[in-house]
Number of protein chains: 2
Amino acid sequence: MSTAEKADRVSRRQVDKFEERRRELAAAALTTLSELGYARTSLREIAQNSSFSHGVLHYYFRDKVDVITYCVRQYKAACVLRYDQIVTTADTADGLARGFADGLVATLVEDATMHRLWYDLRSQALFEESFRADVTEIDATLERMVWRIVSRYGELRGAPVPTPSAMTYAMFDGLFQQALLRHFSARPGATTDLHASVLDLLGRLVPRS
Amino acid sequence: MSTAEKADRVSRRQVDKFEERRRELAAAALTTLSELGYARTSLREIAQNSSFSHGVLHYYFRDKVDVITYCVRQYKAACVLRYDQIVTTADTADGLARGFADGLVATLVEDATMHRLWYDLRSQALFEESFRADVTEIDATLERMVWRIVSRYGELRGAPVPTPSAMTYAMFDGLFQQALLRHFSARPGATTDLHASVLDLLGRLVPRS
DNA sequence: AGCGCATCTGGACGACTGTCAAGATTTCGT
DNA sequence: ACGAAATCTTGACAGTCGTCCAGATGCGCT
């Protein structure tokens, strides 16, 4: 083994460990953000949610924006996983519709804090230019996710969906966001209303045969 | 004039002036919030946007939460005004629909910073219990506003709107929010797409005759 | 074993925050 | 015009923030 090969192996292992730590810290940052929100999250608080001290954050990240940005990117991956498992296989239109509605209700309750973080960060993107690109990209991913389900639903119903993808996503997002606010307000009917309105909207998107 | 009457007049005038100052400071706070967002707004920054020094804020408000809460309430009044002027009188369904779409596009552009503040505060309400009641109340007001227009639209079309009020509001809000993000991202088509999708959704809400 | 580098700690820094109070200034009825 | 009450300014306070760094600790290689 040449010295060059050895050096390569060493640096590769170091890079791997480096990336692993970054992910670990980003996970701690993510839970902190989802609990406190963007406005109240500090680097020291993030470090306390990890097994390290606050100084290490500047060893793995340039500054606070770098931490948050990396977080958001990691959040996106979790998002896609969450949405992808909503509907795996459904052979009937009604089955797909029920699976979609059930999945949204489930993630509304189980991942409530993560969802509120998403809406918080999307609002921050309206103020801070630096977040905008990442937020827009995540939004596009979510839009594609919704569109995959809706267009498959139209397929199963035997009719193409005449609604633009962006509009479709926006409406479902509106429904979900209102349900989330109701959920945190502990007002009753948040989950059942979301379920019903998702089915309702889904039915409207495909023209009656 | 008795001494009691005199004292009453004096205290009444003082209360008026007191309230006037509160409104003045709240206005400064609102412009600051709409420019910087909740996370980056400080009391000193608010005072700099007014003609007073930072200390006076604690003369007119208990603490920071009191300032923000009062702000939000004042914001609500502005909201209602803005939405109310969208559609004053329309005698045809198509006229009402066009007026609604035009109004939303206009306020999207003109009051963009205020709208992003609203979404920011609504996100904060998902984290901070103290904002929740006010945010929910404003949301209900906006819902009623949208419902007034939509139900009137159904009336003009000669058919009742079978969609629940909450669901209707949520979908329009979703459309508007996405348009706002696109507007700040300077992506093209934000206004035209909003206009088209509002007309589209409005048409879908009322069953074909 | 001992060297060298990666990793991590804990404290220090200046800037900023919300809050408060003492005193200066203005307002206003008499 | 005088005095009291309302109003406003200014500076201070105890914290917290992001950032940085000197030094401790750990680990892998020869």
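Proteins get letters first, then strands, A, B, ... in listed order; numbering begins at 1 in each. Since the structure is predicted, the reported quantities are computational estimates derived from the model, not experimental observations.
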Problem - Integer-rounded Å distance: D:dT9 P and B:His54 NE2 - result: 10 Å
Practice task
To the nearest Å, give me how far apart CZ (B:Arg22) and P (D:dA6) are.
Solution key: 17 Å
Exercise for the section: Return yes if a side-chain donor-acceptor contact under 3.5 Å exists between A:Arg40 and B:Gln124, otherwise no. Expected result: yes
Exercise for the section: For A:Asp102 and A:His195, test the side chains for any donor-to-acceptor distance below 3.5 angstrom and give the result as yes or no. Expected result: yes
Fill in the blank from the handout: In this structure, CG of B:Asp200 is separated from CG of B:Asp193 (nearest 0.5 Å) by 11.0 Å
Practice task
Using atom CG of A:Leu57 as one end and atom P of D:dT19 as the other, report the distance to the nearest whole Å.
Solution key: 10 Å
Exercise for the section: Report yes if at least one side-chain N or O of B:Arg21 is closer than 4.0 Å to OP1 or OP2 of D:dA6; otherwise report no. Expected result: no
Exercise for the section: Classify the angle between the aromatic ring planes of B:Phe18 and B:Tyr60 as parallel (below 30°), tilted (30 to 60°) or perpendicular (above 60°). Expected result: tilted
Practice task
Would you mind classifying the nucleic acid contact of B:Phe61 as base, sugar-phosphate or nothing, using non-hydrogen atoms under 4.0 angstrom?
Solution key: nothing
Exercise for the section: Quickly work out the A:Arg62 CZ to D:dC20 P distance and round it to whole Å. Expected result: 11 Å
Fill in the blank from the handout: When rounded to whole Å, the NE2 to P distance for the pair B:His58 and C:dA21 reads 11 Å
Practice task
Would you indicate what B:Tyr59 reaches in the nucleic acid, counting non-hydrogen atoms under 4.0 angstrom: base, sugar-phosphate, or nothing?
Solution key: base
Fill in the blank from the handout: Nearest-nucleotide check on DNA chain C, A:Phe52 vs A:Arg44; residue mapping nearer the 5' end is A:Phe52
Completion exercise
To the nearest angstrom, the CG-P distance between B:Asp63 and C:dT17 comes to 17 Å
Completion exercise
Rounded to whole Å, CG of B:Asp66 lies from P of C:dC20 at a distance of 12 Å
Handout entry: Residue pair B:Thr163 / A:Arg204, side-chain donor-acceptor N/O under 3.5 Å
Key = yes
Exercise for the section: Provide, to the nearest angstrom, the distance between the NZ atom belonging to A:Lys64 and the C1' atom belonging to C:dC16. Expected result: 13 Å
Practice task
Assign A:Ser42 to base, sugar-phosphate, or nothing according to its heavy-atom contacts below 4.0 angstrom with the strands shown.
Solution key: sugar-phosphate
Exercise for the section: Specify the residue among A:Leu43 and B:Gly55 whose closest nucleotide of DNA chain D lies further upstream toward the 5′ end. Expected result: B:Gly55
